[in-house]
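Not measured: the values here are computed from a predicted model. Within every chain, numbering begins at 1; the chains are lettered A, B, ... in the order of the sequence lines, protein sequences first and strands thereafter. What's counted below: heavy atoms across the whole structure, side chains too, no hydrogens, waters or symmetry copies.
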Amino acid sequence: MILQKLKGTWIPLVAIGFGLLAGAIIMLLFGYNPIQGYIALWNGAFENPYFTGETIRLMTPYILSGLAVAFAFRSGLLNIGVEGQVFVGWLAAVWVGTAFSLPAFIHLPLAILAAAVAGGLWGFVPGYLKAKYQVHEVIITIMMNYIALYSTNAIIRNVLTDQGERTDYIAESASLKSAWLTELMEFSNIHFGIILAIFSALFYWYFIEKTKYGFELKAVGFNRDASKYAGMSVKRSIIMSMVISGGFAGLAGAMEGLGTFGYMSLQNSFTNIGFDGIAIALLGGNTAIGVILASGLFGVLKNGALNMPTSAGVPHELVDIITALIIFFVAASYMIILFREQIISMYHKLKHKLSNISSKEGK
Amino acid sequence: MSVLQEIIPSAFLFAAPLIFTALGGVLSERSGIINIGLEGLMVMGAFVGIVVNLELAPFMMENFGSTGKLLTPWISILVAAIVSALFASLHAIATVTFRADQVVTGVAINFLALGVGLFLIKQIYGKGQTDMVDAPLNSTDIPLLSDIPFIGPIFFEGTYYTNWLAVILAFVVWYVIFKTPFGLRLRSVGEHPIAADTVGINVNKMRYIAVMLSGFFGGIGGSVFALTFAQNFSHGTISGQGFIALAAVVFGKWHPLGALGAAIFFGVAQSLSVIGSGIPLLENIPSVYLQIAPYVLTILALVGLVGRAESPKALGTPFIKGSR
Amino acid sequence: ACGTSDEGNADGDSGEEKNCEPSDDAINVAMVTDVGGVDDKSFNQSAWEGLQAYGEEYCLEEDEHYDYAQSTQDADYEPNLNRLTGQDYELVYGIGYKLTEAIEKVAGQNPDTNYALVDEVASEMDNLTSITFKEHQGSFLVGVAAALKTESNQVGFVGGVDSPLINKFEVGFEAGVKSIDPSIEVDVRYAESFDDAGKGRQIANSMYNSGVDIIYHAAGGAGNGVFSEAKDIKTNDPESYVWVIGVDRDQYDEGTVTVDGTDYNVTFTSMVKRVDIAVQDVAERMMEGDFPGGENIEYGLSDEGVSVADTNEEAYTEEIATAVSEWEQKIIDGELDIPSTHDELEEFLNNL
Amino acid sequence: MDYVIEMLDIRKEFPGIVANNNINLQVKKGEIHALLGENGAGKSTLMNVLFGIYQPERGQIRVQGQDVNITSPNIANDLGIGMVHQHFMLVDTFTVTENIVLGSEPKKGLKVDIAEAEKEVQRISDQYGLKVDPKALVRDISVGMQQRVEILKMLYRKADILILDEPTAVLTPQEIDELISIMKSLVEEGKSIILITHKLNEIMAVADRCTVIRRGEGIGTVNVNETSTNELASMMVGREVSFKTEKQPAAPKDVVLDIKNLVAKDNRDVDMVRGLDLQVKQGEIVGIAGVDGNGQSELVEAITGLRPSEDGEILLNNQSITNMKPRKIYEHGVAHIPQDRHKYGLVLDYSIGENMVLQTYYQPPFTTYGRLNFNEIYNYAERIIEEYDVRTPNSLTMARSLSGGNQQKAIIGREVDRSPDLLIAAQPTRGLDVGAIEFIHKKLIEERDKGRAVLLVSFELDEVMNLSDRIAVIYEGKIVANVEPDETDDQELGLLMAGSQRQKVGEPQ
Ligand SMILES: Nc1ncnc2c1ncn2[C@@H]1O[C@H](COP(=O)(O)OP(=O)(O)OP(=O)(O)O)[C@@H](O)[C@H]1O
Ligand SMILES: Nc1ncnc2c1ncn2[C@@H]1O[C@H](COP(=O)(O)OP(=O)(O)OP(=O)(O)O)[C@@H](O)[C@H]1O
Ligand SMILES: [Mg+2]
Ligand SMILES: [Mg+2]
């Protein structure tokens with residue numbers, strides 16, 4: 001079984017290789033130096049503790065949004081609504097973070113919880129409508145994204161501020177930041193959210209792989225009729241799956257609200273944390289460890305990309321192209337498998353020829 | 001001026017690009033390939049449409065005068081459609097030939113289109129967005145039809161040929177899907193590809209054609225949007241219209257005329273939300289309610305009126321020859 | 001750095017030979033854009049043009065002496081500021097109010113580098129200066145112009161996202177309009193997006209339909225929709241009376257329409273915000289050892305920080321220009337305080 | 001000798017399995033040639049090779065004496081080969097006609113000429129006596145009619161060599177008779193038929209010759225009139241098999257299942273069960289005999305909670321289980337072997353082990369404190385696999401990769417092992433080979449002898465007659481007769497199932 005699991009991991013690695021190779025070719029074609037480009041990318045992500053910290057900070061919400069998408073995927077649902085769930089989670093966290101003054105050991109968990117609950121509620125709507133009225137979750141989640149965008153803006157403007165652009169800073173007691181971490185990483189914005197994210201991944205793994213709920217959810221994902229036959233509640237599973245998925249997404253919002261920013265400002269468009277989450281979930285094969293690794297990759301690429309224009313003159317859009325290609329190659333893993341088979345058969349032919357030659361020579 | 005006369009043209013204008021794109025979505029999904037990449041296909045269409053228009057307009061105007069100017073947007077749209085069809089073939093290659101997860105490839109299409117578009121804009125123009133085009137699509141009064149009383153002013157005055165092209169295409173696509181051998185085969189491929197295979201239909205070829213057609217239509221949608229609204233190309237030119245078109249596909253129950261209706265519904269809801277703040281009755285409603293109204297209405301309509309939509313049965317599953 | 005250079009603007013490409021030496025006392029400057037990017041046809045672009053002009057003036061090399069970093073999301077501001085700081089730029093600009101928190105933090109951590117924030121007042125620090133603009137003043141003047149120009153006595157304002165910054169434009173504009181004729185209606189709507197040209201156009205369509213003949217937009221890309229609508233009306237009927245007032249830069253080019261070989265332009269005027277001048281000014285002050293740390297420099301009418309474009313001479317007539325400059329003088333002389341918030345506007349209108 | 005089809009020395013491998021090896025099949029013109037073998041023997045694979053769906057690793061195919069290379073169904077079509085697949089290849093949402101013409105549509109201008117097509121379909125169906133409604137949607141028609149649509153599909157394409165892969169597995173006795181006469185009239189027209197079936201009496205009834213394969217190897221070809229069912233069966237399994245399942249007389253005790261005046265609707269909201277009464281006692285097997293579509297599925301689903309009961313009452317051990325959730329009903333002691341094993345019986349992407357606890361996973365010892373106990377689960381599964389002779393590498397194997405017969409054995413193991421008070425077996429042997437059928441029948445009788453109540457639903461009269469202690473005939477949603485198997489015969493049952501009143505023996509209804 002372990003071998004079987006390991007077998008899958010080489011595919012993303014090859015895909016990343018192909019993606020980077022394609023990026024290098026594009027750079028050459030347009031007259032950039034790919035080596036410099038990639039050095040700039042690497043340095044942008046890891047040059048010193050500050051940037052390493054930023055990379056980790058960047059991957060934190062990705063882990064959670066990836067888990068959100070993966071969780072829904074596992075029960076056969078496509079949650080395109082992570083964007084909206086991130087917004088409401090962010091808002092809820094900041095709301096709690098600014099509205100109360102409480103000791104940190106209550107305030108911080110409360111703010112985090114609020115985010116999860118808000119995201120969960122936002123996921124509940126499509127889940128409930130799917131279970132009850134059989135309306136397609138894709139369309140509802142798309143609609144819910146826009147509703148979230150406009151409503152959070154309205155709340156920031158009218159409730160949390162007096163026609164302001166952004167909320168107040170959250171209280172210290174609700175912040176995920178820590179002087180200790182910040183100092184360690186040379187003032188980067190890394191925060192304790194990463195620990196929460198990793199714990200969430202652990203929770204995800206345990207829930208999906210080890211609990212009866214996970215068993216039920218996956219069964220529903222694979223075969224609704226059989227699950228119903230077996231006495232599972234399909235409706236409950238669908239709703240639960242969307243709620244928990246939304247909860248993860250809400251936590252991703254909390255990472256922005258309680259960690260990175262400490263406030264929420266009016267949003268002009270979506271953050272892409274949710275859309276990226278779809279890619280991350282797949283890249284990670286919908287497994288917990290996979291999502292963490294894929295988030296790491298996204299963190300590195302996105303953070304490193306910022307350094308490419310200034311250090312190597314390469315437009316940062318190139319990284320979007322590379323990212324898209326990596327996703328393509330992973331999704332089309334069958335191509336990579338074919339590619340490997342081709343290489344293996346070529347190798348065998350070559351060996352055969354060589355042995356023929358050598359045997360002829362032997363004569 | 002009647003409220004209808006205000007709402008309908010603006011709704012229609014907003015709906016037209018959605019109709020084109022959603023028709024593409026219908027074709028692709030009818031063949032069994034989920035297309036979340038509609039947004040990306042629109043981006044590609046917008047990018048190509050604008051660039052071609054910018055590059056072509058001076059030449060056309062110089063050589064053909066005002067006819068040239070009138071022709072330019074149409075040529076731009078055509079080129080955009082073709083390029084987007086080629087671009088969509090990436091989605092086809094990945095999902096059909098290499099059995100990639102269709103949702104994820106679609107997401108990749110969205111990333112890729114924007115990345116490529118902006119990257120190339122920088123290479124071509126040395127900046128992150130283009131200038132506004134000189135030869136955009138313009139509205140006209142459709143001869144004769146606009147003289148019809150009542151209907152004329154609402155539907156045919158100050159309208160766009162592209163609006164009507166969208167409607168006509170919706171009927172054409174309907175005809176093709178439900179009346180022609182091609183359509184019968186297309187649907188069979190999306191419902192039961194193994195059965196289609198056993199009667200000698202080339203499932204993969206059908207899916208390639210359908211996905212590339214979705215690129216073609218998405219390209220039209222994107223370029224029409226860009227040439228009527230923004231009239232330039234930047235990172236924000238297409239901001240979510242593809243997703244709304246996707247919603248129209250599902251809302252319209254994978255039916256071309258359903259998608260047409262859904263797109264028009266979105267258009268009306270959207271222009272109500274825009275115009276609402278100008279109507280005395282609605283003036284005092286906090287603007288956020290008007291902003292979210294189109295999306296809430298959609299949800300309500302789905303729950304209350306439309307109910308469960310049955311997607312093509314094989315949607316999302318790659319066809320593997322000889323699989324059981 | 002990238003691609004071909006644009007017609008004649010100082011792209012600083014290595015292609016062209018320079019026949020001068022970099023000036024010795026010039027400092028190295030860089031800027032971080034907000035998510036709009038350096039080509040946003042708005043204040044980011046304007047700021048970059050300021051830096052380029054500065055580079056030109058002192059014969060500096062792009063990438064070496066002056067540079068920019070582009071942000072793709074809000075979370076990028078801080079790393080970008082830090083990156084440029086790490087690359088030994090002596091003065092780093094943050095363009096846009098969204099960078100406030102980031103630049104305050106980075107400035108606090110790097111006392112040896114100087115910073116300047118554009119569009120928002122930062123907290124006081126010796127190495128951080130704030131550059132703001134009296135957009136309400138400029139908006140007031142285009143409001144005056146609009147009031148003089150309108151025939152229907154209805155004008156419109158299309159904002160991007162409803163926020164204090166954009167409110168300054170709205171409020172100034174309305175004050176200007178009402179100062180001329182309190183009976184003129186001002187239709188104010190927000191697209192709730194700086195990108196969605198579709199919405200911008202639908203709003204414009206609705207406004208023009210309802211009789212508005214001049215629309216002032218402060219909506220970035222969504223404002224393109226306003227231009228599209230006006231130009232379409234003009235194309236169909238060159239006689240029609242529709243105008244757009246541009247924002248941030250002179251948007252004359254965006255307004256051109258050719259009908260049957262005749263050129264028209266729907267851009268009545270623009271409220272120009274000279275971020276370029278401000279940026280260059282601060283850099284030069286630092287060169288001279290006079291970095292205005294801890295201060296908020298507010299660029300207004302008096303120092304050409306904001307101005308009204310008069311490119312469209314046909315539309316923006318002598319008469320209007322004269323009237324506008326009278327009001328301008330009043331403001332410069334301090335005879336008139338222009339409101340910048342809704343509350344101030346209310347008070348202002350009550351006093352009319 | 002002229003053969004229309006010759007398949008010589010065919011070998012076909014799938015990853016890790018040789019499905020066909022050294023198989024020879026020679027079909028004469030105008031004959032019905034049976035292909036016999038256990039589940040998983042490789043029959044469908046061989047036919048798929050002939051039809052161009054699979055490419056063989058080795059071997060030669062000749063059609064009408066010509067060497068051919070059949071690389072796609074298109075080529076097979078062109079060579080006059082048609083195939084009715086074991087799992088129907090019909091698009092549910094299409095009409096009968098659309099399904100038939102799909103791929104070679106008559107055209108009028110750009111349009112499919114549907115009117116012309118419908119006429120043609122009607123013509124062919126009249127010619128061969130295949131009653132179909134050209135305009136009906138496939139999802140609305142009975143399985144038997146779907147079968148005929150599949151046959152029409154071949155005839156429409158002018159196929160001369162017809163492959164029928166287990167066509168009778170899903171048919172009622174009447175439909176089987178009809179099919180047999182259809183086949184006979186087809187060969188009279190000069191067509192040749194390859195017939196795959198597990199039912200030896202069908203082979204005896206229609207086939208001229210029979211080729212037997214066992215575990216992928218060709219065993220040989222015999223003339224049907226020179227052989228017996230016993231010989232065929234032992235060729236197929238490689239040992240002697242008995243057909244009549246031995247059983248002691250039943251000793252029924254208390255009533256376990258008591259259904260009173262039950263009403264249930266189908267998915268289209270039509271009443272399918274209309275005031276049905278039925279009792280099943282401890283220690284007896286009650287067989288429901290009836291033509292498909294008379295409310296059998298709805299009855300089973302209503303008992304198991306998968307479908308709401310509109311009216312009436314269902315009592316289990318004198319307690320009402322009417323409209324309880326399926327899980328509660330299982331907990332009350334009901335087990336259910338579903339009629340569609342792929343749709344309901346298994347989660348094909350779960351391992352066999354996980355499938356073995358599909359209903360009980362949440363109970364100790366499989367779950368303790370919410371956590372699944374995989375050791376317990378897999379140990380338990382291994383035991384079932386062992387006891388019920390499920391042929392699988394191990395319990396970690398995905399259910400999808402098991403053959404149909406073994407999937408069914410696994411389901412039966414799972415259901416029987418819960419020691420239910422009531423065991424509902426819906427079509428428990430559909431599509432299985434005689435070896436497997438024998439095994440399953442034995443298990444059901446064992447359960448009865450342990451004192452369980454068994455409700456058997458089957459469209460196969462033989463099975464109902466063989467196994468049941470009492471037969472309840474269902475017609476239009478009601479039980480119209482209760483008969484003892486040894487007091488009746490096929491003839492009478494057939495009439496009852498068709499709705500005629502009982503006159504001979506037993507209580508009048
Ligand atoms: N094939 C399917 N495709 C998509 N969604 C499905 C499908 N089957 C079921 N669902 C979803 O699962 C939900 C539950 O199905 P169903 O109505 O059969 O529940 P149930 O088990 O009868 O629940 P209850 O007993 O509470 O009524 C449906 O409402 C629908 O949203
Ligand atoms: N596509 C496939 N991939 C892998 N293995 C397969 C495939 N098709 C068939 N097999 C395997 O090949 C063997 C022969 O299968 P086949 O379907 O031909 O049996 P069959 O004789 O038709 O059985 P049944 O009577 O159950 O229909 C089985 O072990 C089966 O599991
Ligand atoms: Mg078979
Ligand atoms: Mg139900």
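Residues A:W122 and A:Q85 have side chains that never bring a donor and an acceptor to within less than 3.5 angstrom of each other. In summary, the side chains of B:Q102 and B:N35 do not present any donor paired with an acceptor at a separation below 3.5 Å, with no hydrogens or angles considered. Defined by atom type and a distance below 3.5 Å, a donor-acceptor pair is present between the side-chain atoms of A:N158 and A:Q163.
Contact of B:L297 with chain A is not made at all, since no heavy-atom distance falls under 4.5 Å. Residue B:V116 touches chain A through both its backbone and its side chain, counting heavy-atom pairs closer than 4.5 Å. Interface residue A:I142: only side-chain heavy atoms are found under 4.5 Å from chain B. Both the backbone and the side chain of B:V296 come within contact range of chain A, judged by heavy atoms closer than 4.5 Å. Looking at A:I326, neither its backbone nor its side chain comes within 4.5 Å of chain B, counting heavy atoms on both sides. Within the 4.5 angstrom heavy-atom criterion, atoms from both the backbone and the side chain of A:S151 approach chain B. Both the backbone and the side chain of B:L112 come within contact range of chain A, judged by heavy atoms closer than 4.5 Å. Contact annotation for A:L78: only side-chain heavy atoms (C-beta onward) come within less than 4.5 Å of a heavy atom of chain B. Proximity to chain B (any heavy atom under 4.5 Å) is shown, for A:L149, by neither the backbone nor the side chain.
Applying the side-chain hydrogen bond (donor to acceptor under 3.5 Å, both in side chains) test between A:N79 and each of A:S65, A:S241, A:S245 identifies A:S245 as the sole match.
At least one donor-acceptor pair closer than 3.5 Å links the side chain of A:E83 to the backbone N or O of A:I273. A:N153 places no side-chain N or O within 3.5 Å of a backbone atom of A:L266 that could act as its donor or acceptor partner.
At a heavy-atom cut-off of under 4.5 Å, chain A is reached by B:S239, B:G240, B:F243, B:I244 from residues 236-244 of chain B, listed in order of number.
Residues A:D162 and A:R157 are not paired through a salt bridge, judged by the lack of any N-O separation under 4.0 Å between the basic side chain and the carboxylate.
Proximity of A:V82 to A:F275: side-chain heavy atoms (C-beta onward) are nowhere separated by under 4.5 Å. The side-chain heavy atoms of B:L41 and B:H91, taken from C-beta on, include no pair separated by under 4.5 Å.
With chain B as the partner, the residue from A:L318, A:N272, A:D320 showing the most heavy-atom pairs under 4.5 Å is A:L318. Contact count against chain A (heavy-atom pairs under 4.5 Å) is highest for B:V104 among B:V104, B:I36, B:D101, B:T97.
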Practice problem: Report the C-alpha distance between B:T130 and B:N232 in whole Å, list the side-chain angles of each, state the deciding distance to 0.1 Å, and finish with yes or no for side chain to side chain donor-acceptor pair (under 3.5 Å). | Solution: CA-CA 6 Å; B:T130 69; B:N232 78 341; 4.6 Å; no

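For the atom pair CD1 (B:I121) and NE2 (B:H235), the distance works out to 12.5 Å, reported to the nearest 0.5 Å.
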